[in-house]
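All values below come from the heavy atoms of this structure, side chains included, with hydrogens, waters and symmetry mates left out.
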Amino acid sequence: MRRYLAMLPLALLAACSPSSPPPDQKPPKPQAEQSVPDNAALGSAEWYAWVDERLHITDDGHGPDRGSAEWNRAVQHKLGQEAPQSPIGSPQWQQAVDALLRTRPAM
């Protein structure tokens, strides 16, 4: 009986230990990173399309032109309190928007 009681803590420890995933499996990328074009430079058409897709600025082709002042204000509005404080549309603003959207869950 003592032998069984001595093995009980070991059995509990083994049952509570987290199992590690197989070494050949990589964790999935966050959704924000999955759709980012690899070569999308800030301010490029691909980058604007990615931001537009993430924030749903245009609707079925209707809405402000990507990269326009109106579009930039719409992005700022969609980001709400998380919106960058840099001048809207500036390279610093674009960099801050990019960094935020890469870490933020998709809307």
According to salt bridge (charged side-chain N to carboxylate O under 4.0 Å, His left out), who are the partners of R73, at least two apart in sequence or on a separate chain? none
Got a second to check how far N72's CG is from D65's CG, nearest 0.5 Å? 11.5 Å
Side chains of L42 and V97: does their closest heavy-atom pair fall under 4.5 Å? no
Applying side chain to side chain contact (heavy atoms under 4.5 Å, CB included), name anything that partners P64, two or more places apart in sequence or on another chain. I57, S68, E70, W71
Does the side chain of R54 come within less than 4.5 Å of W50's, by heavy atoms? yes
Report yes or no: does R66 contribute a side-chain atom to a donor-acceptor pair with the main-chain N or O of D52 at less than 3.5 Å? no
Can you list everything that forms a ring-ring contact (aromatic ring centres under 6.0 Å, His included) with W93? Sequence neighbours excluded, please. none
Considering all heavy atoms, the nearest H56-K78 contact: O-NZ, 3.5 Å
Would you please name every residue forming a side chain to side chain contact (heavy atoms under 4.5 Å, CB included) with A83, sequence neighbours left out? Q76, L79
Sequence neighbours left out, what passes side chain to side chain donor-acceptor pair (under 3.5 Å) with Q95? Give chain and number order. none
Can you name the side chain to side chain donor-acceptor pair (under 3.5 Å) partners of S86, sequence neighbours left out? none
